[in-house]
Trainee: 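Mind looking over this structure? Questions follow.
Just so it is clear, the structure is predicted and the values come from calculations on it, not from any experiment. Below, read A as the first sequence line, B as the second, and so on, with proteins coming before strands; counting in each chain starts at 1.
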Amino acid sequence: MEPVFDVIIVGGGVVGCAVAWYLSHFDLRVVLLEKERDVCCGVSKANTGVIHSRSYFTPHTLKGELHLRSLELFPSLERELDFHCHKVGALTIAFSLHDLQYLNTLKERGKNPHAEIIGPQELKELEPLVNPEVIACYYDPETKVVSPFLLTLALAEFAVLNGVEFIFFTEVLGFEETRDALSVQTNRGVYRARVAINCTGIHATSLAQKTGETIPLHRLYRGQYFVLDRDCQSLVKHVLYPVPTVGSKGILVTPTPEGNILVGPNFELIPEEDTATTKIGLEEVERGGGRLVPSLPLHKTITTFSGIRPTLPDRDFRIFFSLRFPRLLHLCGIESPGLTASLGIAEYVGEQIQKTGILFREKKVAPRVSFPVFRTASWEEREKLIAQDPDWGDIVCRCEEVTLAEIKHALSSCLPASTLDGLKRRVRVMAGRCQGSFCGMHLPDILMGKSLQKREAIMKSGEKSWYCLDTIGRAETENASTR
Amino acid sequence: MPRRVKAQVVVIGGGPAGMASALAAFENGARPVFLLERGEYLGGILNQCIHPGFGLHLFGEELTGPEYAERFKEKLSRTQVEVLLNTTVLEITPQRIVRAVNPQGVWEFETTRAVLSMGCRERTRGMLRLPGTRPAGIFTAGLAQYLVNIEGLLPGKEVLILGSGDIGLIMARRLTLEGATVKAVVEVRDSLSGLLRNYVQCLHDFNIPLWLSHTVTTIQGKERVEGVVVSRVDEGGRAIPGSERVVPCDTLLLSVGLIPENELSRQASIPLCPRTGGPVINEYFACEREGFFACGNVVGVFDLVDYVTLVSQGVGEAVNIPTAFSPAKYHLVPGDGVSLVIPQKIQEGKKGFLFLRSLQSFRQAAVSFSFQGKEFHKLRVPLCYPSEMIRLNIQDIPWPSQGGEIRIGITGERIRGIY
């Protein structure tokens, strides 16, 4: 019989990894199953990356409650994970008296003595390029931005350091209740646990339906984004929100921690999971961004992408135990602000697990130490790093100034990158203005060494996402050898 | 502690421009001369251009890229030009402090003359804002060329090429020779972007179709490219609704233009020209900031490496000319039919070359120079293509005695299609 885990987490997005992080503080046997080959491959990876402050929470909802709880947890998390959110502040832009009312609501909700409603003149000093038609603006200094992937990775790495096992390529197919445990059936065998948590993002409702729940399937909304070149960095310094429309926070203009500017998302209902960008969608984002910042330099776009949010009709999170499998906890409708609320969700999930009678005994945890980043290091630090290891002086990606040392670390850390996208999200090779036209030349060698056979196995992300399809001259070599 | 070095000339980038300018600077007596190259080898893009066609103007013979590069590497090895390979310049200050790193450590050069020869990079899918999914199998043509010719990897088997730039044309032939099927080369304009000889030798001779006035409007495929949607475009380059067709393929190559790499120039507060994307320069290829020169594709994208070498040799000589940074007398402005003019400024009009690129293809063309609205010089060009630069000797032009703005235009009979 397979060993029994205390908890099986299904899904390695930001919520799954936050649950893993939370549970790793206790003396529990925890495993996380992920169907892709990396963490943060679904909903979590493609969003605006804003840690929305309390001004933007939704009252009288579970998502609002967990949003606030999460904000309480962030400061200690940042220390423990050696991961830092960038406190950039936010400006919500009002163009009409109706909009102005909304600003007052934000101020009431924010309960922050430093937040204030400011006029066009003051706004112009903070953000000179904002549309001059603005009549007022709510300034909230607490808003932060993060890289959603790096936050997820930091949570996951902490969990790994503290005993949580991560298993990839493992897709959950169904469940079966046995006398003392829940059997989780996967494409790679059966795992057994006292409790399993469905953190499968988009797929959470279909998995819940499989277990007999009556919950409706998620309605999927797609949001498209532009990413602007880092040399636009100084143009927008705060997160710029419009006054929200029905259903979404609207199209934002956001500085990212890496120094890019993100414009988006629009909000379009789509029939099935589809992360393509479209001409119409991008044009809508262009108009939305242009309304906030008329001179937005979209000709400096380095890439576009889209993300999906899985929503329930009441637009709230639903976290509940399965009726048929009382050891199975479903997390459905985890959409915006899921990234912000992820820590609160994790704590809440922990409490639900405790209710099943599992004993939570705190243990001593090892802190996570983040790896240096060459690009943001001072010249003195760079000199020291190169003296320690010459690979720090070998710049592979010139746009983002990524060194061989950082790439090697990403390929050998406790949750190593195994694909080009994994590497890109960890260290930003191929993520700069040339989008891999230069470093894409050298990555095959670095990833696989000189073995040609293996180099064909380099993947962008999924199983069939080969970077190259063959080697040169193999037909001749093979013919020659058979002759 | 960083390695602090005083230099007379520091050349940034060891491609054809950097090699020629470092060599010429040394031959003209500059000491010490440093040549900083981020790659493992000198030669830049030439190393991956294994096809012939280089050197016809300069050496009167047809060389491959590596052969062309080798001539300069060999000459450099016989000088005391200090070549630092694997060395990436990360910062240049307006005061000409050049900071670089390599596996030995951090370097700080304090130099009297800095030569910018960083070359160019390829336009990407993101810059085109080409919508669709984001699968594997989308490459810029130059990246694909490197993978094939240097890494020995075949990027794809069923290929569509967007853009009829030279690297795209060359790669259409190269991939065909390696067993891939090139479905078509798709060009949004109504005429070729690359050189005519490349069309003939790379597409025509291999029966690869060229679809003019077409573009790719969507990319399909979840993990690897599965197909692209190709549409016809109208005169304004907009996709015509209803003209879409899906072309199944596993690879999309982009050959949609090159952009001078001027991130370092911006750091050094060097004024850039919006037309060329490179520094504003005079006939000495001196920038509008004391002590800085620029040469090669960092100035504006050239059609032939021979021309790059030629102007870079001029830079090597100019580093010792004290008046190279004197104020300019003439300011050259691209007029109708002209996409770029290099140089943009002229001091005396007595030396150097003037390069022009036309906006469209013309037959029976005329290049016209005007000053204060009056044409003062005109010369006939039987055929001119945007892909082929017009090179003139600056001294052959009867510059007006008074200084000021000179407008250069090209007119002629428009040619569409392949001519």
Trainee: Counting heavy-atom pairs closer than 4.5 Å to chain A, which one of B/Arg266, B/Lys222, B/Lys157, B/Met127 comes out on top?
Mentor: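 Counting heavy-atom pairs under 4.5 Å, the top option is B/Lys157.
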Trainee: May I ask you to decide if the ring planes of B/Tyr146 and A/His442 are parallel, tilted or perpendicular, using 30° and 60° as cut-offs?
Mentor: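 Plane angle over 60°, so perpendicular.
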Trainee: For residues A/Val396 and A/Val402, determine if any side-chain heavy atom of one lies less than 4.5 Å from a side-chain heavy atom of the other.
Mentor: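 SC-SC contact between A/Val396 and A/Val402 ruled out.
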Trainee: Would you please test A/Glu380 and A/Lys384 for salt bridge (Lys or Arg N to Asp or Glu O under 4.0 Å) and show each step?
Mentor: CA-CA 6 Å; A/Glu380 291 73 28; A/Lys384 271 188 213 153; over 6 Å; no
Trainee: For A/Leu298, is it the side chain, the backbone, both, or neither that has a heavy atom closer than 4.5 Å to a heavy atom of chain B?
Mentor: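 Contact with chain B is through both the backbone and side chain of A/Leu298.
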Trainee: Is it the backbone or the side chain of A/Thr278 that comes under 4.5 Å from a heavy atom of chain B, or both, or neither?
Mentor: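 The backbone, not the side chain.
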Trainee: At a heavy-atom separation under 4.5 Å, does B/Thr218 approach chain A through its side chain, its backbone, both, or neither?
Mentor: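 Neither; nothing under 4.5 Å.
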Trainee: Identify which part of B/Arg38 has an atom lying under 4.5 Å from any heavy atom of chain A, answering side chain, backbone, both or neither.
Mentor: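 The side chain, not the backbone.
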Trainee: Can you say whether B/Glu263 sits under 4.5 Å from chain A via the side chain, the backbone, both, or neither, judging by heavy atoms?
Mentor: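 B/Glu263 touches chain A through side-chain heavy atoms alone.
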Trainee: Let me know if B/Gln220 has heavy atoms under 4.5 Å from chain A in its side chain, its backbone, both or neither.
Mentor: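 Contact with chain A involves no heavy atom of B/Gln220 at all.
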Trainee: Please determine, among B/Ala136, B/Pro155, B/Pro103, the option with the most heavy-atom pairs under 4.5 Å with chain A.
Mentor: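 The candidate making the most pairs under 4.5 Å is B/Pro103.
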Trainee: Heavy-atom distances under 4.5 Å only: say whether A/Ile302 touches chain B with side chain, backbone, both or neither.
Mentor: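 Only the backbone of A/Ile302 comes within 4.5 Å of chain B.
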Trainee: Report which part of B/Arg99 has an atom under 4.5 Å of a heavy atom belonging to chain A: side chain, backbone, both, or neither.
Mentor: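 Contact with chain A involves both backbone and side-chain atoms of B/Arg99.
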